[in-house]
Each structure stands twice: as C-alpha cells, then as structure tokens.
Amino acid sequence: MAKEFQRGHKAKISDLTPGTDLYVGVQIAGPGLTFDISCFGLDAAEQLSDDRYFIFFNQVKSPEESIQLLGAQAGDTESFRVTLDRIPANIHKLSFTATIDGAGQMSQVGPGYIRIVAGGEEVARYAFTGSEFTTERAVMLGDIYLKDVWRFAAVGQGFDGGLEALLRNFGGEVAEDEPAAPQPEPAAPAFAPPAAPAPAFAPPAAPQPAPSFGAPAGPPQAPPAPHMPQAPQPAPSFGAPVAPPAPAPPLSPQMHAAPTIVAPLVPPAGAVPPPQPAPPPYGMPQQQQPPQFGQVPGQAAPPPYGQQPPGPPLGMPPGGHQGVPQGAPPTGAGLQAALQLYKEAPTGLRWTPQNQQLMRVDLTVEGTPVLARQGSMVMYQGKVDFGYKGAGFMGRVVGNATGQEMQLMRCTGRGQVFLADEGAHLHTIELQGDGICVSAENVLAFDETLQHEVRRIDGHGIPGGALFTMQFQGTGTVVVKTHGVPVVLPVTPTTFADCNAVVAWSSGSQVIISSQVRLRRNAYPGHSGETVNLQFRGAPGNFIVVQPYEV
C-alpha cells in the first residue's frame, strides 16, 4: 500500500521498498496549460554542476542512463526511471520539477501528484492541488536525495519565473534562441519517399519491452511480449510505455543542434568580439573560477575568498574571468558578480543555512510553527505572524536565576524567516526520535513539534547557583548557536567540561557536578578561586559538544 506524504514529509527509500530501480510518475494538468516536467541532478552544493544531468524533453537520459525520461504512461503526465545504484557519486539530489510553458499560474492546476513505483507497486505518493499556490509558474514537487542513504522528500514549493528562473536557481545558464537553430528542420528528409521508410522503421526499434523495473500498469496498451527480445542491449528498452513519444529519436538530434536552454559552466567561445563581457557563470563556486588577474600591470594580488579587492575596480569579482579584457573598466556585470556571492540560497527544505551566522526557515514546508528566541528575527518574507510564547514557570526561574530569560516567539504563517543572534555560528540538529540536551543560552530556534522541557542542574559555584538546559525529544530540528566552531567529543569515564563552555550533550549522558579548588587567589581579587566542572558519564555512543569560548 502506498504511503501518503504531506508537504515537507521525508522518508528513507529503504523504508518504502528494498528496490533501487524506481519509477517516478508525475501527474499535473490545468485548463489551457502546458507543462514541462524535468529532473535536475544536483551536486553536494545543490547546484547543476554538470548540465548532462538536467533531464528534460531535449535530453532524455544521463550519460550512464541512471536517470531516464520515459514520457506519458499509466495515467502520468510524465514519468522517469531512476536507478539509484547507478547514480554517480557526484550527484547527491534529484529534484523533480514542473513548469508552465507559456502563460498561466500554478494556482490554476487541478489535483495532481508525484509518486514512486517499485516492482509495479506504488510505494509513495505526494498529492497537491492548485490551492496551495498563487502566482508561481514553477513548482519543485519532490526530491530524492542522499543523506547517508537515499531518501524521498515531498517538497511542493512554488517558484516564480518559470523554467529559466528555476534553471538559474540551480546554477545553470539560459541562452536565448538562435535564429540558425531551426535550420535542420527545413532539411528534414521526411519529405523524400526513400527517406520516409527509414524514420518509420526507426521508432519501432525504440519502443522496447515493458519496463522490467516495474512501471505501473495503466490504461495505455501494453506492448506485446515478442518485443522484449528485440531490445537486447540499449537502456531505452525500459521506455516501452513511451510508445507515443517514439518519434523523439529523430527529433532529438535536431533539437540538440539548436538548444533553447543551455547550462554550461564556461561561456562558449564565439566569433563575436567583446561587445559585452560575459558575466561570471551563475552560482559557480570560487574554486572553479578561471585564472586570476595576476598579469594586469599595477594590480595587487587578489584578496582572499569573499573579500572585495581594494582599489578602483570595485565592480570586478575576486579573480575575475577570462572573458574580460585586461584593463577593462568595471561594468554592471561586476556588481552582479559581487552580489552573487551573497545571494539567497533557497533549497526547498525547511531549514537552510545562508551562511555560518544566518539561518532561513521556510514555514510553508511542513506547515508547522517554529519557536525562536525573541529578537532573533532579522528579516522575513510572506505572511508571517509573530506571537509571544510564554516560557512558563521554569522559564521565569531561568530568567531570575541567570538573568537570561528564555523568552520565545512563535512564528506561524506562510513565508520565510531569517534568524541570527549577534553573529554566532548556527548549526542545525535534526532529531528523528532521539533526544539531546542543549544549554538554554545556546538555543536559537526549534520546531514546535518537538517535545521540550527546561531542566535544572544545581551546583555550588555555578553562576546563579544552577545550570539550565533544554531537553528536546521527538522528530524535528533544533538550531544551536555557538561562539566559534565547536568540537564533539565522545563521553568517557574521564570526560570533564567547563560548565560555561559546554553547549550540548546526548540525553543518555549522566551529568555530575565536579568542583576543584585551584590556587589562583590573586587572579580574581575577592574570589575564592573555585571552579566548577561537569563530569559526563554514559554508555559508548554518548557525546558532548563544547565551544571554544566561555560565556
């Protein structure tokens, strides 16, 4: 029986099916609307670093054929074949999207879905309707992503701008149509009688046997069994349900000769002189930049990553690129490149770090509220309501004892909220039924679905007389803030930590107050010199997190 997903829900593929040869079907329709359904193969940075893994109507399979576009079948508007154990190591996510070709909005679509079928049996389905969207022209439907193991996430996030904006979001480039592109069409040999049989015989070679990986049975007629031995080797044999789109083979080379959408990381070399210096490729990581401007007379060495170069060429991105002539004055492209380093990074996930000190939470994903430290919101987009969340009696105890009140705000609505706190480093901890204890001072935000309570650790010598922590349990995400980069250590019988430097520890650890008197009476006049440490004990597998800073 298929597992029904809601927006934002995730699951391991192995929990849905033991198979790795999957059929992914998408059903989407609307009155007067035409859709382009695509799959983006993204790297670890969630960028389309290799345009051969942009699978769409003009590129129907990846090089090793681990991702294939099958066409409409079994009631699906479009379908794919995904072979997980053949996907190369540099591909970490498959994002399945639908965009409107022409005028229209996603709010006009009727009920639709994205589903996963294994061995002919549907194992997962995420259903959506147009009421979930407004003026968007594209939608990210679902992701198959690698996080230790392959998982499936129901995304359902609308995206303005259509396919071009979606392609740019994933780091690709869009080239405008070239007038020379349609030239192969007039020369099509279909009008010559001798050439007509050749294309006519070519399509039957493409429709091969019913997919052995288990595409769902549906209204389209199944191909006869004798066709199975006719396709001994090619991967397109799995596209037998795509008999109607069989004419695609003759059209494919023509369309490759005149691509309407191109996503190269390096601008193609053309005969056109330098009337317009090509801007740096969208979203290209710094390590892939071309050689730096070391040859320009009088120019200093380029600054480190992320810093603007001193001197006049403020609009020139660090390192520049080879398409700009030496000594060329700064132009608008330089400003765009400079700002490109700091652009928003939407991923379709609920929690997305924008950098080390800024966290973005999308309330439309999963649709549940978020509790955050009051005053941590630096910006938000959409319709978001902020309400006071009382911390209860224990929260007031924390405030009275330590002077640091645990006042929380409740963020609800549909939009994105950006959170930060005094430039502290932010880290997301995703709980899946397990638990963790976090120092109350180090909690920035968390999902309201998590069970949480304030706990008190009494000890003589601790500032305020006690250390307050928050214990989280359940399924959700906690955002922890630290001063500097923390270190995670295993718990052993001799593990001690300064009570002011410890950030978090596993809920299975036992905490014991350990006081030690040191002869440092002259260091702090009037102070006893007593320091308080926390000793941690627990079974193997327990841990503590310590920051390089004492509060």
Side-chain angles (χ1 to χ4, degrees), residues 24-41 48 51 53-60 69-80 94-115 126-143 155-186 188 220 242 244-264 282 346 348 364:
V24 179
V26 174
Q27 203 283 327
I28 185 171
L33 299 180
T34 303
F35 296 90
D36 292 328
I37 301 173
S38 313
C39 175
F40 291 84
L48 184 66
D51 60 299
Y53 289 89
F54 174 36
I55 309 302
F56 66 118
F57 60 87
N58 200 24
Q59 185 168 257
V60 297
L69 185 71
L70 303 181
Q73 61 176 313
D76 297 331
T77 310
E78 189 60 88
S79 60
F80 300 83
L94 306 180
S95 181
F96 297 91
T97 66
T99 58
I100 296 177
D101 183 9
Q105 300 176 352
M106 282 297 172
S107 58
Q108 300 173 253
V109 304
Y113 60 78
I114 179 173
R115 62 173 177 167
Y126 162 54
F128 57 87
T129 63
S131 61
E132 302 178 27
F133 312 108
T134 55
T135 60
E136 299 94 334
R137 299 187 61 245
V139 60
M140 292 184 280
L141 299 172
D143 294 338
V155 180
Q157 179 179 352
F159 199 94
D160 292 332
L163 182 59
E164 293 185 3
L166 195 61
L167 185 60
R168 289 193 178 98
N169 174 69
F170 288 133
E173 288 187 346
V174 179
E176 296 184 359
D177 296 340
E178 300 178 3
Q183 290 180 359
E185 293 186 6
V242 201
L251 291 179
S252 178
Q254 296 178 2
M255 301 186 73
H256 271 293
T260 56
I261 298 178
V262 186
Y282 189 95
T364 60

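The shown structure was predicted, so the numbers you read here are calculated from the model rather than taken from an experiment. Reckoned from all heavy atoms, side chains included, excluding hydrogens, waters and symmetry mates.
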Mind checking side chain to side chain donor-acceptor pair (under 3.5 Å) for Gln27 and listing every partner two or more places apart, or none if nothing turns up?
none
Is there a side-chain contact between Thr77 and Val26, using heavy atoms and a 4.5 Å cut-off?
no
Would you call Met140 and Phe170 a side-chain contact if the rule is heavy atoms closer than 4.5 Å?
yes
Looking at every heavy atom in both Ile37 and Ala98, which two are closest together, and how far apart are they?
CG1-CB, 4.2 Å
Counting N and O atoms only, with roles assigned by atom type, does the side chain of Ser79 sit under 3.5 Å from a partner on the main chain of Val24, one being a donor and the other an acceptor?
no
One should read off an interatomic distance between Ser95 OG and Leu166 CG, to the nearest 0.5 angstrom, of 7.0 Å
For the side chain of Arg137 and the backbone of Gly102, is there at least one donor-acceptor N/O pair under 3.5 Å apart?
yes
Once rounded to the nearest 0.5 Å, what's the spacing between atom CZ of Phe35 and atom CD1 of Ile28?
4.0 Å
Of all heavy-atom pairs linking Ala138 and Thr99, the shortest is CB-CG2, 3.4 Å
Residues forming a side chain to side chain donor-acceptor pair (under 3.5 Å) with Asp76, sequence neighbours excluded
Tyr23, Tyr113, Arg115
I'd like to know if the side chain of Gln108 reaches the main chain of Met106, judged simply by a donor and an acceptor atom lying under 3.5 Å from each other, with no hydrogens or angles considered.
no
Of the options Phe40, Phe56, Phe96, which is the one that meets Phe80 in a ring-ring contact (aromatic ring centres under 6.0 Å, His included)?
Phe96
If you take all heavy atoms of Cys39 and Leu94, which pair is closest and at what distance?
SG-CB, 3.9 Å
CG (Asp36) and CG (Asp101) are apart, to the nearest 0.5 Å, by 4.5 Å
Who are the salt bridge (Lys or Arg N to Asp or Glu O under 4.0 Å) partners of Glu132, not counting sequence neighbours?
Arg7
